[in-house]
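Here is the structure we will look at, set down as structure tokens.
Start at 1 with the first residue, then count along the sequence.
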Amino acid sequence: MVVDEGDGGGVDRLFHALADPTRRDILRRCVDGELSVSQLAAAYPMSFAAVQKHVAVLERAGLVGKQRRGREQLVRTEPDAVARARRALDELESLWRGRVERMTDLLAEDRPANEHEPREGQDR
């Protein structure tokens, strides 16, 4: 089963980006305001280049935007991207709830009318 087939991989990129704890933390830090990549890099025990790569993954997923201001690149959270993730999860939940309801209905149809009564040899 493919969810959101016409999306061109956007949902996949979104959840791939959110799957990494460092990227989720970068996203949380940028919710309060724009931060430079240098400021972000100072918060992690990894190279500046590694943080740049994390930011690039978030940017490709549409979770953050970057704006050059002088020599710095400022990173900001894109709130619409989180709403896209919620919509994708809501679609999956709706799909699965529908399947569970259909299974419940099918099982109810299959159940013999006297199933609630114990069979011969069973305790009452």
Let me confirm one number: the [atom1]-[atom2] distance from [X] to [Y], rounded to the nearest 0.5 Å.
{"X": "Cys30", "Y": "Leu40", "atom1": "SG", "atom2": "CG", "value": "4.5 Å"}
{"X": "Leu95", "Y": "Asp90", "atom1": "CG", "atom2": "CG", "value": "12.5 Å"}
{"X": "Glu72", "Y": "Ser38", "atom1": "CD", "atom2": "OG", "value": "6.0 Å"}
{"X": "Thr77", "Y": "Asp32", "atom1": "OG1", "atom2": "CG", "value": "8.5 Å"}
{"X": "Arg24", "Y": "Asp20", "atom1": "CZ", "atom2": "CG", "value": "7.0 Å"}

Test side-chain hydrogen bond (donor to acceptor under 3.5 Å, both in side chains) applied to [X] - qualifying residues, sequence neighbours left out:
{"X": "Thr22", "answer": "none"}
{"X": "Asp25", "answer": "Arg29, Tyr44"}
{"X": "Glu93", "answer": "Arg97"}
{"X": "Arg68", "answer": "none"}

Qualifying residues under side chain to side chain contact (heavy atoms under 4.5 Å, CB included), relative to [X], sequence neighbours excluded:
{"X": "Ala61", "answer": "Arg13, Ala17, Leu63"}
{"X": "Gln67", "answer": "Glu34, Arg69, Arg76"}
{"X": "Ala42", "answer": "none"}

Taking ILVMFWY side chains as joined if any heavy atoms are under 4.5 angstrom apart, and letting links pass through other members, which residues group with Val100?
Met103

With a cut-off of 3.5 Å and sequence neighbours excluded, list every side-chain donor-acceptor pair involving residues 45-57.
from	atom 1	to	atom 2	distance (Å)
Ser47	OG	Ala50	N	3.0
His54	ND1	Arg23	NH1	3.2

If you group Ile, Leu, Val, Met, Phe, Trp and Tyr by side-chain heavy-atom gaps below 4.5 Å, do Val64 and Leu74 land in one group?
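Shared cluster, no.
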
Partners of Glu59 by salt bridge (charged side-chain N to carboxylate O under 4.0 Å, His left out), sequence neighbours excluded?
Lys66

Atom of Ala85, atom of Phe15 and distance for their closest heavy-atom approach
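Residues Ala85 and Phe15, closest heavy atoms: O-CZ, 3.8 Å.
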
